[in-house]
K.L.:
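Below: one structure in structure tokens.
Atom set for the values below is all heavy atoms of this structure, side chains included, hydrogens, waters and symmetry mates excluded.
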Amino acid sequence: MNKTDFIRVVLADDHAVVRKGIREFLEEEGDIEVVAEATTGVEAVVLTLQHQPHVTVLDIQMPEMTGIEAARQIKAKTPDVQVLVLTAYDDAPYIFAMLQTGASGYVLKNAPSAELVRAVRTVAAGGSALDPTITAKVMAQLSSGKPFGAPAAVERLTERELDVLRLAAKGYTNRGIGLELGISDRTVQGHLANIFSKLGVATRTEAVLLAMKQGWLTLDEAVE
């Protein structure tokens with residue numbers, strides 16, 4: 001495989017043993033390359049700006065700057081870089097804070113290594129990846145009526161927009177969605193822009209979660 005075809009990853013965690021283990025099983029896949037390792041939140045931002053990876057994998061608790069603030073700065077400065085959270089924290093405040101930064105995925109450290117590999121590939125391709133445990137917690141939080149940064153009343157999505165969002169929930173890229181629905185990538189982008197505008201959200205993940213809260217998508221559709 002040509003190096004230009006690799007998924008390029010910046011890995012940020014303050015524990016050297018953890019980084020070593022994650023790097024080894026990611027690079028064993030043959031299509032993923034860890035281009036830099038960060039030990040602090042500040043380093044994560046600097047190295048992401050320097051290397052422009054496809055994905056930055058972030059822990060939440062790190063020295064100098066939390067993963068939450070690092071994710072916020074990364075998405076503000078390099079919006080094309082996808083942020084994937086890899087953490088031991090499954091508390092709702094952490095989950096919501098990270099997702100609201102624009103992070104595309106949230107995986108727990110006790111998940112099987114294959115799940116992290118899948119998540120890296122999914123977010124690199126423009127999809128969203130949530131650990132099923134995280135999805136369940138988010139749904140419970142949403143069902144409690146607590147806000148998720150979206151308006152109380154949202155405009156109903158069209159059937160076509162729901163088709164697009166269902167495929168987005170399954171991790172399809174814009175191209176994949178277009179192929180499934182027989183429409184162009186540009187049309188898919190337009191539908192996603194309309195979805196975000198109607199729901200008052202900024203990411204696919206938020207859109208999927210809010211659509212689930214509205215009853216437009218099922219849990220099974222969101223975690224396939």
Side-chain angles (χ1 to χ4, degrees), residues 7-14 22 36-109 111 116 119-131 133-142 146-151 154 165 168-169 171 192-193 195-197 199-213 222:
I7 298 171
R8 301 171 70 251
V9 172
V10 166
L11 177 60
D13 193 292
D14 59 332
I22 295 171
E37 295 183 22
T39 60
T40 71
V42 171
E43 280 186 1
V45 176
V46 170
L47 291 173
T48 297
L49 291 174
Q50 178 182 342
H51 291 277
Q52 297 290 311
H54 297 99
V55 181
T56 294
V57 178
L58 286 173
D59 195 1
I60 288 179
Q61 292 293 352
M62 290 189 293
E64 297 181 7
M65 178 189 294
T66 68
I68 296 169
E69 180 57 29
R72 187 176 293 116
Q73 291 194 23
I74 288 168
K75 293 306 294 183
K77 296 174 181 178
T78 55
D80 290 339
V81 175
Q82 305 304 316
V83 172
L84 175 62
V85 183
L86 178 63
T87 185
Y89 294 91
D90 63 353
D91 302 297
Y94 288 118
I95 298 167
F96 278 76
M98 285 302 290
L99 294 180
Q100 288 175 332
T101 67
S104 297
Y106 200 112
V107 179
L108 297 177
K109 285 185 174 178
L116 177 58
V120 168
R121 289 178 175 145
T122 297
V123 301
S128 301
L130 290 181
D131 187 293
T133 303
I134 297 302
T135 304
K137 283 181 175 287
V138 171
M139 286 306 298
Q141 185 87 353
L142 289 172
K146 296 180 180 179
F148 184 63
V154 295
L165 193 55
L192 287 171
I195 291 167
F196 294 168
S197 177
L199 301 185
V201 299
T203 69
R204 289 181 175 211
T205 303
E206 288 179 292
V208 169
L209 292 171
L210 188 54
M212 290 168 63
K213 180 183 180 183

K.L.:
Testing the basics here: between A71 and V83, what is the closest heavy-atom pair and its distance to 0.1 Å?
P.N.:
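Of all heavy-atom pairs spanning A71 and V83, the closest is CB-CG1, 4.0 Å.
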
K.L.:
For the CG atom of L165 and the CG atom of L192, what is their distance to the nearest 0.5 Å?
P.N.:
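Interatomic distance, L165 CG to L192 CG, rounded to 0.5 Å: 8.0 Å.
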
K.L.:
Between atom CE of M62 and atom CD of E43, what is the distance when rounded to the nearest 0.5 Å?
P.N.:
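Answer rounded to 0.5 Å: 9.5 Å.
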
K.L.:
Keeping T48 on the side-chain end and A44 on the backbone end, is there a donor-acceptor pair under 3.5 Å?
P.N.:
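At least one qualifying donor-acceptor pair exists.
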
K.L.:
Quick check: does any side chain N or O of K75 sit under 3.5 Å from a backbone N or O of D80, one acting as donor and the other as acceptor?
P.N.:
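Checked: no pair found.
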
K.L.:
Write down the atom of A207, the atom of L199, and the distance for their closest heavy-atom approach.
P.N.:
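Heavy atoms only, the tightest pair is O-CD1, 3.7 Å.
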
K.L.:
Roughly how far, to the nearest 0.5 Å, is CG of L130 from CG of L108?
P.N.:
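Those atoms lie 10.0 Å apart.
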
K.L.:
If you measure from CG on L58 to CE on M98, what distance do you get to the nearest 0.5 Å?
P.N.:
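Here the rounded value is 5.5 Å.
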
K.L.:
If I compare all heavy atoms of Q82 with all of S104, which pair ends up nearest, and what's the gap?
P.N.:
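Distance-wise, the nearest heavy atoms are OE1-OG, 2.7 Å.
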
K.L.:
For E37 versus L47, what's the shortest heavy-atom pair and its separation?
P.N.:
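In this case the closest contact between E37 and L47 is O-CD1, 3.3 Å.
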
K.L.:
With heavy-atom distances below 4.5 Å as the criterion, would you say the side chains of V120 and I7 are in contact?
P.N.:
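Of all side-chain heavy-atom pairs linking I7 with V120, at least one is under 4.5 Å.
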
K.L.:
Closest approach of T101 and R72, non-hydrogen atoms and distance?
P.N.:
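Heavy atoms only, the tightest pair is CB-N, 4.0 Å.
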
K.L.:
Is a donor on one side and an acceptor on the other found under 3.5 Å between the side chain of E69 and the backbone of M65?
P.N.:
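Between the backbone of M65 and the side chain of E69 there is no qualifying donor-acceptor contact (under 3.5 Å).
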
K.L.:
Rounded to the nearest 0.5 Å, how far apart are CG of D131 and NZ of K109?
P.N.:
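That separation rounds to 14.0 Å.
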
K.L.:
Side-chain contact, heavy-atom cut-off 4.5 Å: T39 with P63?
P.N.:
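T39 does not reach P63 side chain to side chain.
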
K.L.:
For I22 and V57, run side-chain contact (heavy atoms from CB on, under 4.5 Å): C-alpha distance rounded to whole Å, both residues' side-chain angles, the deciding distance at 0.1 Å, then the answer.
P.N.:
CA-CA 10 Å; I22 295 171; V57 178; 5.6 Å; no

K.L.:
Is there a side-chain contact between L84 and L116, using heavy atoms and a 4.5 Å cut-off?
P.N.:
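Yes - at least one pair of side-chain heavy atoms lies under 4.5 Å apart.
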
K.L.:
Please find the pair of heavy atoms, one from V107 and one from A119, that lie closest to each other, and give the distance.
P.N.:
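Between these two residues, the closest heavy atoms are CG2-CB, 3.7 Å.
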
K.L.:
Return the CD1 to OG1 distance between I60 and T66, rounded to the nearest 0.5 Å.
P.N.:
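I60 CD1 to T66 OG1: 8.5 Å, rounded to 0.5 Å.
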
